2 protein chains.
Amino acid sequence: MTKKQKDKPDIVAVAKAAGVSISTVSRSFNHPELLKPATRKKIDRAVQRLGYIRNRAAQVMHGRRSGTIGLVVPTIDNAIFAELIQSFSDGLDQQGFTMLIASHGFDLDREYKMLRKLMEHRVDGLALIGLEHSEATYQLIEQQGVPTVAIWNYSDEARLSCVGAQNSEAGRLAARHLLDLGHRDIGLVFPDPVGNDRAHDRLHGALSELRREKIKVPEEWQLQASYSIADSKRASLSLLGRSPRPSAILCGNDIIAQGVLYAAKRLGIAVPGELSIMGIGDFKGSGEIEPSLSTIRIPAKRIGALAAKQIADAVTGKSAGTTATNYELSILIRDSTATPSGMANT
Amino acid sequence: MTKKQKDKPDIVAVAKAAGVSISTVSRSFNHPELLKPATRKKIDRAVQRLGYIRNRAAQVMHGRRSGTIGLVVPTIDNAIFAELIQSFSDGLDQQGFTMLIASHGFDLDREYKMLRKLMEHRVDGLALIGLEHSEATYQLIEQQGVPTVAIWNYSDEARLSCVGAQNSEAGRLAARHLLDLGHRDIGLVFPDPVGNDRAHDRLHGALSELRREKIKVPEEWQLQASYSIADSKRASLSLLGRSPRPSAILCGNDIIAQGVLYAAKRLGIAVPGELSIMGIGDFKGSGEIEPSLSTIRIPAKRIGALAAKQIADAVTGKSAGTTATNYELSILIRDSTATPSGMANT
DNA sequence: AATAGTTTTGCAAATGTTTTCATTTTTGGC
DNA sequence: GCCAAAAATGAAAACATTTGCAAAACTATT
């Protein structure tokens, strides 16, 4: 073939094909209103004919934005984040951004590496989950000056802009609900709080509320389970198989609660008759499970959408400085919690 | 603040700080073995001190690969794809790639737009879900010559490399299982097959198997539900509330099956005693539900991992040409299916 | 038909990196 | 110490685009 054959057409090829200069082609993309309609049409046709697609990399080199936002999450394949990621992605898309995503499996050192990787790609902005990050991570963000938003957690003394809810409050509310129902024998199933401030905060919120009522949770009623139905079912099978067993179980999130629910069902323990189960999160489907899951609602969709808008605004200069948005939590009393059986007829 | 203040340090700044030439700095990244250890150390220190992060955009301009792979999915927030996306992402990460992701909500025209968007970012490779795409999409891929893999579906006459399973076979197997158990009154709950070849193929596989046994599914036993527990529960509540009702329901996937299961539970219909429920997919947690879900296993994790490897190999030139990989399906007989009650004691 | 605007277009520099080729420095054998 | 060979480094071109500035092409006014 001639000179071009394997490689993609560039703006020069388009210019030649349209019989105009490179600058004119460039302008037809960036400031079309400056062109004579006839010229614009010529260029459009050439673009069409050649199958030209603009090269963002070259634009970035000019100080243009890359049009990408990096999202770093612990895991993707987890009901917890799926809704959030979707709404975040949709929000970005609306603003013309593309999402680069990386996961670190709850390993904060890997998180740091992922951040660097995304920065090499010159993302215009970044989103992380939670506010617990390695010092290196925080320093990197500050040093590089990449607009960043922390999702899912709220703190008024956060080092980053954040959009989320108070997880300690979520834990507290969940505990409160069980206490209000009259439960005193309460078990806890939570994920490993290391490197996971959401879990940590929820657990401590719950524990502090229980402590206020002078309730102690025996060591063997405090279980750890990863964010998986299988894991939580396995863990709680042993807890529920023993005697005495708690009259209620407070779970670190709805997935764990689902596992506990199935464990109870497997053991023939009636929910909520003999055992109340409380979740946190209100994941998709939590209201449809039978019995439907009582839980603390954290509005993932709205959080994701707002986070997208915030980071986009920060990038485009529509806003500056750090902001902290706290979403109110609400308690959803459904069918998995009830008055403990011993008190049923008081 | 001398000359540089707001902008990120570049390779020139590093070179100056380290007292070497630009080329040497570049080499220290790309061919460190060519440098004298002392020089390398000087550069490393300068990089450290300045907080320099390489600029991929500039590398891309040099004909280097961008190190990104684009993934276009119908939705992210769906258990269906979550596992797949995670393993795909992990696989890419291992090979040093970063994932750009975009979702189109089962709209093939939007899919095309997303593809273009990703191509502007000069992704090295692309992954799509399924083999049904608009003609424009196929042409774009061929014209641009971006290595592409279709995930989740298999066909030996596919226009793209593919890694997946035969969805029609999955439908067939699911139907076969119910037939083998003795069911004749079978309901179907599937998602809208438009723009969704996975659903389409499964449905038709199932229908053809039923036809082989001369079984007709009444119109009112064929329901449509989106991939959501809520939707499928709602839809099947009406189906199951009527009389006569089927003795078994075959579902387009495990999420839908879950919805049907909860509907049955709500109505006090025993599963599998009075109603068998068959899923497709074997999603995370399907085995832990009570009763555990009989389903057709599609190995999402392995498919995602292999797809990642394939696309990485195609990009790095380790392989060429199109390939088609078919994963075998297996049937998982668990507790949600049984002999229909009328035949219980034959 | 010439002038003064105004609109449209082109030229060339700049962006951050890699790489080829040339040059300088180092090494080791004598 | 000297020389050839080997190792390490540097200079400059190339990549695809944007944009400030200048030139050219129109328009309307006289």
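Throughout, protein chains are lettered first and strands after them, A, B, ... in sequence-line order, and every chain is numbered starting at 1. Values in this document were obtained by computation on a predicted structure and should not be read as measured data. All values below come from the heavy atoms of this structure, side chains included, with hydrogens, waters and symmetry mates left out.
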Asker: Please list residues of residues 33-44 of chain B whose heavy atoms come under 4.0 Å from any atom in DNA chain C, ordered by number; otherwise none.
Answerer: none
Asker: Reckon B:V20 touches a base, only the sugar-phosphate, or nothing at all at heavy-atom distances under 4.0 Å?
Answerer: sugar-phosphate
Asker: Return yes if the base of D:dA11 and the side-chain atoms of B:S23 contain a donor-acceptor N/O pair under 3.5 Å, otherwise no.
Answerer: yes
Asker: Do any side-chain nitrogens or oxygens of A:N55 fall under 4.0 Å of OP1 or OP2 in D:dT17?
Answerer: no
Asker: When you measure from the side chain of B:D77 to the backbone of A:A82, do you find a donor-acceptor pair of N or O atoms at a distance under 3.5 Å?
Answerer: no
Asker: Is the backbone of A:G130 close enough, under 3.5 Å, to the side chain of A:D197 for a donor and an acceptor to pair up by distance?
Answerer: no
Asker: Is it the case that more than 12 heavy atoms not belonging to A:Q94 sit under 6.0 Å from its CD atom?
Answerer: no
Asker: Look at the side-chain N and O atoms of A:R27 and state whether any lies under 4.0 Å from the OP1 or OP2 oxygen of D:dT17.
Answerer: no
Asker: Could you state the CZ-P distance from A:F29 to D:dT18, rounded to the nearest angstrom?
Answerer: 8 Å
Asker: Taking atom P of D:dC15 as reference, at what distance in whole Å does atom NZ of A:K8 sit?
Answerer: 15 Å
Asker: For the pair A:T98 (side chain) and A:T68 (backbone), establish whether a donor and an acceptor sit closer than 3.5 Å, ignoring hydrogens and angles.
Answerer: no
Asker: Applying the side-chain contact (heavy atoms from CB on, under 4.5 Å) criterion to B:L128, which one of B:V149, B:V73, B:T148, B:L71 satisfies it?
Answerer: B:T148
Asker: Considering only heavy atoms of chain A and a distance under 4.0 Å, specify the first and last nucleotide of DNA chain C in 5' to 3' order that meet this criterion.
Answerer: C:dT8 to C:dG16
Asker: Taking CE from B:M61 and P from D:dT18, how many angstroms apart are they, rounded to a whole number?
Answerer: 11 Å
Asker: Hey, is CZ on A:R159 packed in by over 12 heavy atoms from elsewhere, all under 6.0 Å?
Answerer: yes
Asker: Count the heavy atoms belonging to other residues, nucleotides or ligands that lie under 6.0 Å from CD of A:E157, then report whether that count exceeds 12.
Answerer: no
Asker: Using 30° and 60° as the class limits, which term best fits the ring planes of A:H133 and A:Y138: parallel, tilted or perpendicular?
Answerer: perpendicular
Asker: Which whole-number value in Å describes the distance from B:R64 CZ to D:dA16 P?
Answerer: 16 Å
Asker: Would you please indicate yes or no on a ring centroid separation below 6.0 angstrom for A:F81 and A:Y227?
Answerer: no
Asker: Look at the side-chain N and O atoms of B:H31 and state whether any lies under 4.0 Å from the OP1 or OP2 oxygen of D:dA8.
Answerer: no
